Amino acid sequence: MNLQMRLKDEWRLGLSEGRAKGRAEGYAEGRAEGRAEGRDKTMLSVIHTLQMQGQTQKQIVETIALMQKSSLAAAQRYYEQVAQPDNRGEE
């Protein structure tokens with residue numbers, strides 16, 4: 001085996017390893033996005049349920065803060081992000 005053949009084999013090996021790594025990273029990123037989307041859909045369902053039960057926005061935000069173990073300010077931002085129709089692209 002000459003040097004040119006060896007370099008070509010090493011290049012192919014590096015290329016295949018790079019592709020495998022890229023697929024793994026893409027899988028992890030897609031999985032994280034899917035989890036976040038699922039979490040948002042679940043929280044939106046909780047928000048709608050609490051609204052149907054007659055809870056005020058303040059009570060809902062407090063519930064979100066308890067569920068997510070976060071501050072009221074963070075829960076309020078999350079509520080606005082998830083529950084507002086113009087931010088979701090739905091009505």
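The first residue in the sequence is number 1, and the count goes up from there. What you see is a predicted model; the values in this text were computed from it and never measured.
- Between the Thr49 side chain and the Ser45 main chain, a donor and an acceptor come within less than 3.5 Å of each other.
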Go through Gln51 and Gln55 one step at a time and tell me if the side-chain hydrogen bond (donor to acceptor under 3.5 Å, both in side chains) criterion holds.
CA-CA 5 Å; Gln51 287 171 338; Gln55 288 197 18; over 6 Å; no
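- Of all heavy-atom pairs spanning Ala65 and Ser71, the tightest one is CB-O, 4.0 Å.
- Contact annotation: the side chain of Leu50 approaches that of Gln53 to within less than 4.5 Å [non-hydrogen atoms, C-beta and beyond].
- Using a distance-only test at 3.5 Å, with no hydrogens or angles considered, no donor-acceptor pair links the side chain of Glu80 to the main chain of Arg77.
- Looking at Tyr78 and Asp40, their side chains come closer than 4.5 Å, going by heavy atoms from C-beta outward.
- For the atom pair CD (Gln76) and CD1 (Ile64), the distance works out to 8.0 Å, reported to the nearest 0.5 Å.
- Here Ile47 contributes atom CD1 and Thr63 contributes atom OG1; the two are 10.0 Å apart, rounded to the nearest 0.5 Å.
- Hydrophobic clustering of Ile, Leu, Val, Met, Phe, Trp and Tyr side chains at less than 4.5 Å, counting indirect connections, keeps Leu66 apart from Ile60.
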Worked verdict on Gln59 versus Thr56 for side-chain contact (heavy atoms from CB on, under 4.5 Å):
CA-CA 5 Å; Gln59 291 170 319; Thr56 65; 3.3 Å; yes
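- The line from OH of Tyr79 to CD of Gln57 is 4.0 Å long, rounded to the nearest 0.5 Å.
- Taking both residues in full, the closest heavy atoms of Leu44 and Ala83 are given as CD1-CA, 4.0 Å, listed atom of the first, atom of the second, then distance.
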